[in-house]
Amino acid sequence: MMSHTLILLMLSLLQSALLAMGQVLLKVSMVRMEPFAFSARFFRSLLLNWPFALCGLCFGAAALLWMYIVRHFPLSQAYPLVSMSYVFGMIAAVVFFHETVEITRWVGVLFIMIGCALIIR
């Protein structure tokens, strides 16, 4: 049987991945949308924007999973693990948007990962 801590880690990683995926899809959807205006053209671009819909599903799933996590695990242990979404977001920026990330940011990501490792010990 899996330990309580391993279950928390796996759920937190999934929740963080859903948050990061939602952010990626939000960025993709914003590129596809018309500039904001109270017009039929804008709302049509919003309603027909499938990445925007998927982003909402990712955020909704992440919220439901977070509700489960905070109900069953100590908040002091669970909450810091949400920061893994920053790690996934940084990786997504490189993979999906071909961004160049400075070494100091990678060091920051390494510190986040070290902090999360200390939290789950």
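Computed over heavy atoms, backbone and side chain alike; hydrogens, waters and symmetry mates excluded. Numbering starts at 1 and runs along the sequence shown. Everything numeric in this text was worked out from a predicted model, so none of it was measured.
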According to a hydrophobic-cluster definition based on side-chain heavy atoms being under 4.5 Å apart (Ile, Leu, Val, Met, Phe, Trp, Tyr only), do F42 and V28 belong together?
no
Tell me if the OH atom of Y86 is crowded by more than 12 foreign heavy atoms within 6.0 Å.
no
Of the non-hydrogen atoms in K27 and E99, which two are nearest, and what is the gap between them?
CE-OE2, 4.3 Å
To the closest 0.5 Å, what do you measure between CG (L26) and CG (N49)?
9.5 Å
Gap between atom OG of S29 and atom CG of L54 - 0.5 Å precision:
9.5 Å
Within a strict 4.5 Å, meaning less than it, do heavy atoms of the L46 and F52 side chains meet?
yes
Please indicate whether F96 has more than 12 foreign heavy atoms, meaning atoms of other residues, nucleotides or ligands, lying under 6.0 Å from its CZ.
no
Are M21 and I112 connected in the hydrophobic side-chain network, where two residues link if heavy atoms are under 4.5 Å apart?
no
Pairwise distance CD1(I7) to CD1(I69) - rounded to 0.5 angstrom:
11.5 Å
Return yes if some donor-acceptor pair links the side-chain N/O of S45 with the main-chain N/O of E34 below 3.5 Å, else return no.
yes
For M113, look at atom CE and say whether over 12 heavy atoms of other residues, nucleotides or ligands are found less than 6.0 Å away.
no
Does V94 form a side-chain contact (heavy atoms from CB on, under 4.5 Å) with W106? I'd like the steps, not just the answer.
CA-CA 11 Å; V94 172; W106 287 117; 3.8 Å; yes
Does one hydrophobic cluster hold both L11 and V70, with members joined at side-chain heavy-atom distances below 4.5 Å?
yes
If every non-hydrogen atom of P80 is compared with every non-hydrogen atom of L75, which pair is closest and at what distance?
CD-O, 3.9 Å
Where S83 and C116 come nearest, the two heavy atoms and their spacing
OG-SG, 3.5 Å
So do the side chains of M10 and L14 get within less than 4.5 Å of each other, counting heavy atoms only?
no
What I'd like to find out is whether the side chain of F59 reaches to under 4.5 Å of the side chain of L18, using heavy atoms alone.
no
Just so I know, are the side chains of V82 and W66 near enough to count as touching, which here means a heavy-atom distance under 4.5 Å?
yes
Heavy-atom pair with the smallest gap, counting every atom of T5 and I120:
CG2-O, 2.9 Å
Check the angle between the aromatic planes of F43 and F38 and answer parallel, tilted or perpendicular using the 30° and 60° thresholds.
tilted
Between F97 and V24, does the side-chain contact (heavy atoms from CB on, under 4.5 Å) criterion hold? Intermediate values first, please.
CA-CA 9 Å; F97 303 113; V24 167; 3.9 Å; yes
Flag the pair R105 / V109 as yes when at least one side-chain heavy-atom distance between them is below 4.5 Å, and no otherwise.
no
Quick one: sort the Y68 and F73 rings into parallel, tilted or perpendicular, breaks at 30° and 60°.
perpendicular
Measuring only between side-chain heavy atoms, which start at C-beta, is W50 closer than 4.5 Å to R32?
yes
Under 3.5 Å donor-acceptor, S16 side chain and L13 backbone:
no
Among the clusters formed by ILVMFWY side chains lying less than 4.5 Å apart, do V95 and L25 turn up in the same one?
no
Tell me if the CZ atom of F111 is crowded by more than 12 foreign heavy atoms within 6.0 Å.
no
Applying a strict under-4.5 Å side-chain criterion to I, L, V, M, F, W and Y, I'd like to know whether F36 and M33 cluster together.
yes
Do Q77 and P74 have side chains that get closer than 4.5 Å, going by heavy atoms?
yes
Do the side chains of M84 and V87 get nearer than 4.5 Å, heavy atoms only?
yes
